[in-house]
2 protein chains.
Amino acid sequence: MAPLDTRTQLLDAAERLFAERGFRGTSVRAITDLAGANLAAVGYHFGSKAELLSAVVRRVIEPITAAQLAGLERLGSEPTISELVEAFAGPLFDEMRADTSRLIVRIFGDPSEEMRDWTGSAEEQVRDRYRAAFARALPDLPAEELWFRMRGILAVAAVDRVDRHNQPCTPNPTEPARRWAVTFLAAAMSAPPTG
Amino acid sequence: MAPLDTRTQLLDAAERLFAERGFRGTSVRAITDLAGANLAAVGYHFGSKAELLSAVVRRVIEPITAAQLAGLERLGSEPTISELVEAFAGPLFDEMRADTSRLIVRIFGDPSEEMRDWTGSAEEQVRDRYRAAFARALPDLPAEELWFRMRGILAVAAVDRVDRHNQPCTPNPTEPARRWAVTFLAAAMSAPPTG
DNA sequence: GTCTATAGAACGATAGAC
DNA sequence: GTCTATCGTTCTATAGAC
């Protein structure tokens, strides 16, 4: 029962509060209180509130991109659309608690400096590799429309987990939403080009 | 060139700033400055900053739900999936500037009191009527999965308009995204049940 | 590493003159 | 309806003792 180190407690508290109340709606005091730490601890461990946010986002995104990359490498050389959707969207359900998806949606909708400061080059690379794989599987689809559709995958996976209940933190029960999403998105990706 | 009344100027300024910077990230001072009004004008015309937000959201949502309802009533008694998608998702493109969709995404992701205070019973009714119409067109789809898919429509329509460029306020050029969305979503809605 | 104390700035709201 | 002036609160960041 040894308590986690202060740094981790701060990350946990901040992840939860940033998701629930947003960055500007969360005070450093609320974070340190929930973490059982002192007000000055954020400054000591992270430098500023904004850098704490960056650390939180990186910690959330990292396992997702890692799982997406591993899933892509596990596929054969000519994967089906459904397999690609499963490998790309699945980790958004498996590696992210439902309450954390709120944080992702908030980042989506926020163009401000602090929310974009976590320099995610890793998930840009993953996205580009999936884009290339989808392009091979859908040779007739123009690049722009493909890009639209990939952003549709992210939108459905992120937003559809947010509202169901307002508070609970169930990690991953059987999660029918995950299977519904794959059905929904595989059909959507397989549609013929709009032309 | 008569200037609009202060109330409207405040609504315009608040709509833009709430979308760009969020509710908590926008000060009353920033709104009144942009509107060319006095700091006290928000209190006089709306009572408080939170009630100004409610008025902004109602003004954004109203034409969307009205167009969705009109579109539904224009359809025959046995519409196709594609027609239903067009009627439901189309107004999200036609009646909403791309920069305003940011505000919708922020509301999606924010469970706080102020962001839910605009008592939207009108768009709940519209949603329920579309849900019934989709249920008739998709008799084998369980109600829960149908609900998941309808939230998918909202997710794609709202999120997919946010990121393309960061700033511009182009109202509606030819907007290929609208047609891509209907293709994408009609295929997704038509998928057989996950079972 | 952890704490107290506080500086310094910004905020929402409102009273009251015009 | 519009304005000025200001109250009381809350915020982040940090200096400095332990």
Side-chain angles (χ1 to χ4, degrees), chain A residues 1-57 59 103 106-107 110-118, chain B residues 1-59 103 106-107 110 112-118:
Chain A
M1 284 291 185
L4 298 170
D5 63 330
T6 299
R7 208 189 125 89
T8 305
Q9 300 261 56
L10 288 172
L11 285 168
D12 290 344
E15 180 178 323
R16 174 168 149 194
L17 292 176
F18 286 154
E20 279 174 14
R21 313 180 192 173
F23 178 69
R24 315 198 77 128
T26 301
S27 67
V28 173
R29 281 170 173 79
I31 295 167
T32 52
D33 284 357
L34 182 60
N38 185 268
L39 172 61
V42 164
Y44 178 76
H45 285 282
F46 298 95
S48 72
K49 183 187 172 187
E51 288 166 289
L52 170 56
L53 173 69
S54 288
V56 167
V57 175
R59 197 180 63 157
L103 182 60
R106 292 191 116 112
I107 292 168
D110 197 327
S112 71
E113 189 98 6
E114 299 107 339
M115 301 296 260
R116 303 250 166 256
D117 213 26
W118 43 281
Chain B
M1 284 291 183
L4 298 170
D5 62 330
T6 300
R7 207 189 126 89
T8 305
Q9 300 262 58
L10 288 172
L11 285 168
D12 290 344
E15 181 177 324
R16 174 169 148 194
L17 292 175
F18 286 154
E20 279 175 12
R21 313 181 191 173
F23 178 69
R24 314 198 78 130
T26 302
S27 68
V28 174
R29 282 169 175 81
I31 295 167
T32 52
D33 284 358
L34 181 60
N38 184 269
L39 171 61
V42 164
Y44 178 77
H45 286 282
F46 298 95
S48 70
K49 183 187 173 188
E51 288 166 290
L52 170 57
L53 172 68
S54 288
V56 167
V57 176
R58 278 195 303 269
R59 195 181 63 158
L103 182 60
R106 293 190 116 113
I107 291 168
D110 198 326
S112 71
E113 191 98 5
E114 299 106 338
M115 301 296 262
R116 304 248 164 255
D117 214 27
W118 44 280

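The chains referred to below are lettered A, B, ... by the order of the sequence lines, with proteins before strands, and numbering in each begins at 1. Everything numeric in this text was worked out from a predicted model, so none of it was measured.
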Kindly compute the distance separating [atom1] ([X]) from [atom2] ([Y]), expressed to the nearest 0.5 Å.
X: Arg24(A); Y: Thr26(B); atom1: CZ; atom2: OG1; value: 8.0 Å
X: Leu11(B); Y: Gln9(B); atom1: CG; atom2: CD; value: 10.0 Å
X: Met115(B); Y: Ser54(B); atom1: CE; atom2: OG; value: 10.0 Å
X: Phe18(A); Y: Arg106(A); atom1: CZ; atom2: CZ; value: 11.0 Å

side-chain contact (heavy atoms from CB on, under 4.5 Å) with Ala41(A): which residues, sequence neighbours excluded?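 side-chain contact (heavy atoms from CB on, under 4.5 Å) list for Ala41(A), sorted by chain: Thr6(A), Leu10(A), Ala37(A), His45(A).
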From the options dA15(C), dC3(C), dG12(C), select the nucleotide whose nearest atom is closest to the side chain of Asn38(A).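 Looking only at side-chain atoms, Asn38(A) lies closest to dC3(C).
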Just compare dT2(C), dT4(D), dT14(D) and give me whichever is closest to any side-chain atom of Ala40(B).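 Closest nucleotide to the Ala40(B) side chain: dT4(D).
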Nearest atoms (heavy-atom pairs only) where Arg116(A) meets Pro111(A):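 Taking every non-hydrogen atom into account, NE-CA, 3.8 Å.
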Please determine if a side-chain N or O atom of Thr6(B) lies less than 4.0 Å away from the OP1 or OP2 oxygen of dT2(D).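 So the side-chain polar atoms of Thr6(B) do come within 4.0 Å of the phosphate oxygens OP1 or OP2 of dT2(D), strictly under.
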Value in whole Å for how far the [atom2] atom of [N] lies from [atom1] of [X]:
X: Tyr44(B); N: dA15(C); atom1: OH; atom2: P; answer: 15 Å
X: Arg7(B); N: dG1(D); atom1: CZ; atom2: P; answer: 10 Å
X: Leu52(B); N: dC11(C); atom1: CG; atom2: C1'; answer: 16 Å
X: Asp33(A); N: dC3(C); atom1: CG; atom2: P; answer: 12 Å
X: Phe23(B); N: dG12(C); atom1: CZ; atom2: P; answer: 8 Å
X: Gln9(B); N: dG1(D); atom1: CD; atom2: C1'; answer: 15 Å

By the 4.0 Å heavy-atom rule, please label Thr32(A) as base, sugar-phosphate, or nothing.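 No contact.
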Check nucleotides 6-10 of chain D against the protein and report each pair of N or O atoms closer than 3.5 Å, with its distance, or say if there are none.
none

